[in-house]
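All remarks here apply to the structure that follows.
In what follows, chains are A, B, ... by sequence order, proteins preceding strands, each numbered from 1. We use all heavy atoms of the structure for the numbers below, so side chains are in, but hydrogens, waters and symmetry mates are not.
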Protein chains: 2
Amino acid sequence: MPLTKRQKEILTFLREYLKERGYSPSLAEIARYFGIASLNAIYKHLKVLEEKGFIKRLSNRARSIRIVEQEVAAEHMVPLLGSIAAGHPIEAVANPEEIPVPESLLTKGNNYVLRVEGNSMIEESIRDGDLIIVERRDFATNGETVVALIDGQEATLKKLYREDGRVRLQPANPTLFPIFVEEDRLRIQGVVVGLMRKY
Amino acid sequence: MPLTKRQKEILTFLREYLKERGYSPSLAEIARYFGIASLNAIYKHLKVLEEKGFIKRLSNRARSIRIVEQEVAAEHMVPLLGSIAAGHPIEAVANPEEIPVPESLLTKGNNYVLRVEGNSMIEESIRDGDLIIVERRDFATNGETVVALIDGQEATLKKLYREDGRVRLQPANPTLFPIFVEEDRLRIQGVVVGLMRKY
DNA sequence: TGCCTTTTTTCACCTTTCGTTCACTTTTCT
DNA sequence: AGAAAAGTGAACGAAAGGTGAAAAAAGGCA
């Protein structure tokens, strides 16, 4: 059951009030908060919210509103923003589609997905066609695998280590040699947090 | 049912609006966003979107648009049966847990998941800790990547080719040499259909 | 028990927002 | 050129949101 704007506002207020104070507000308090003069307006809003299943209340009981927690079905839809091939710029698509990603592969942050093109990252155990899940941020701690642009042009996907004012990009494969770049030539686009492959 | 350009734009706008605000826009708001003067244009677009099954709405109800999530969004629970390390038997756990796997990585058949231990399959771009999704069957067609037991003991994970009465197990990495075994020493446990990795 | 306070519930009525429908025009695509 | 898709502008009715006052219930307290 969808909510209207006002209903949503009131539900949000109820959530916050309950979280902060531990008990629910009276109709008068809700009315005062929204600058509404009549309790009846609030009363009707609460009635609708209850009908739509967002709250529960005991009749005639003061401050008896409870919030019904939605099992928001934990939407795991994440945008597939485009494709990445080592040595090329990241290619974004105009209207990114949303694809399902298991919650276990996501982080708290802002996640997106890139399709890997070519086998240039095979040394990181990443193959053509793989989908990598990335957390969008512009910094990384030592040892994290980052999606980064060198000189704003070449995309790369390597483990990052900072040392003596420069950055070492270390391939996952220990037999390969690392790349060293100055900090200011590197723009971190995100940190790799997961991978999906379809055979 | 395919969408036109405009219909897709509107659907995208609805998705974003709903995601950000938690309630649906009014027809007037949609019209304003697209610079359209008449509500009727919006009305007809919504009608088409509903007929094509992309949204649902309640008649005469304000802000009552709901997005019908495509079934592609579904995730299925698949049992994590145990772990596999090349050269060892597959190690099954007693009470397999069920983990969510996006539908896109599953097949019609009977699927299960194995956790990869060790980096012995690094040449197949499969690393320690990866989860592989397997379709359970005892046969495979040429070129499929199979989970198989040699002599009932050693697990392996390679591309399979039948030739002149024996079986060639070809590593994904073309620089490595294939293994040849007699048909009757090999027991196919399933075919790899997907992979998930958490960093 | 009866009284007071706080809070919810109900009434009749009003205003604004919103969805729906009409007849008609313009644009886009084949 | 013709059909489908997209858009115009105005009118109307229904739903949502709100007013103000009064009644009814619940709980605390002397």
Next on the checklist: For a quick test of reading the model: is some side-chain N or O of A:Arg61 closer than 4.0 Å to OP1 or OP2 of D:dG27?
Outcome noted: yes
Item to check | Rounded interatomic separation in angstrom, taking CZ from A:Arg32 and P from D:dG18 | outcome: 17 Å
Item to check | Value in whole Å for how far the P atom of C:dT7 lies from CD of A:Glu29 | outcome: 6 Å
Next on the checklist: Could you tell me how far apart A:Arg57 (CZ) and D:dA25 (P) are, to the nearest whole angstrom?
Outcome noted: 16 Å
Checklist entry - Which part of the nucleic acid, if any, lies within contact of A:Ala62, taking any heavy atom under 4.0 Å across all strands shown: a base, the sugar-phosphate backbone alone, or nothing? => result sugar-phosphate
Next on the checklist: Expressed as a whole number of angstroms, how long is the span from A:Lys5:NZ to D:dA16:P?
Outcome noted: 16 Å
Next on the checklist: Main chain of B:Arg57, side chain of B:Glu50: is a donor-acceptor contact present, judged purely on distance under 3.5 Å?
Outcome noted: yes
Checklist entry - So which heavy atom on B:Ser125 is nearest to which on A:Arg197, and how close? => result O-NH2, 3.0 Å
Checklist entry - Hey, mind stepping through B:Tyr33 and B:Tyr17 against ring-ring contact (aromatic ring centres under 6.0 Å, His included) and telling me if it holds? => result CA-CA 11 Å; B:Tyr33 177 87; B:Tyr17 192 107; 8.9 Å; no
Checklist entry - To the nearest Å, how far apart are B:Gln7 CD and D:dG7 P? => result 10 Å
Next on the checklist: Just to be sure I understand the rule, does B:Ile36 reach a base, reach only the sugar-phosphate, or reach nothing, if contact means heavy atoms closer than 4.0 Å?
Outcome noted: sugar-phosphate
Checklist entry - B:Lys44 NZ to D:dA4 C1': how many Å, rounded? => result 11 Å
Next on the checklist: By nearest atom, which of the nucleotides D:dG17, D:dT19, C:dT7 is closest to the A:Ala37 side chain?
Outcome noted: D:dT19
Next on the checklist: Any base atoms under 4.0 Å from A:Leu39, or only sugar-phosphate, or nothing? Heavy atoms, all strands.
Outcome noted: base
Checklist entry - Between B:Thr4 and D:dA4, does any side-chain N or O lie under 4.0 Å from OP1 or OP2? => result no
Checklist entry - Taking the side chain from A:Ser64 and the backbone from A:Leu58, do they hold a donor-acceptor pair closer than 3.5 Å? => result yes
Next on the checklist: Once you apply a heavy-atom cut-off of 4.0 Å, does A:Ser59 come out as touching a base, just sugar-phosphate, or nothing?
Outcome noted: sugar-phosphate
Checklist entry - Side-chain N or O of B:His45 less than 4.0 angstrom from OP1 or OP2 on D:dA6? => result yes
Item to check | Presence of donor-acceptor pair under 3.5 Å, side chain of B:Asn60 and base of C:dC18 | outcome: no
Checklist entry - What is the distance, rounded to the nearest whole Å, between atom CZ of A:Arg63 and atom P of C:dT6? => result 11 Å
Checklist entry - Run the side chain to side chain contact (heavy atoms under 4.5 Å, CB included) check on B:Ile188 and B:Leu160 step by step: do they pass? => result CA-CA 10 Å; B:Ile188 297 177; B:Leu160 174 143; 3.8 Å; yes
Item to check | Phosphate-side-chain proximity, A:Arg6 and D:dA16, N/O vs OP1/OP2 below 4.0 Å | outcome: no
Checklist entry - How close or far is atom P of D:dA25 from atom CG of A:Leu27, stated in whole angstroms? => result 16 Å
Next on the checklist: Once hydrogens and angles are ignored, does a donor-acceptor distance under 3.5 Å link the base of D:dG9 to the side chain of B:Ser38?
Outcome noted: yes
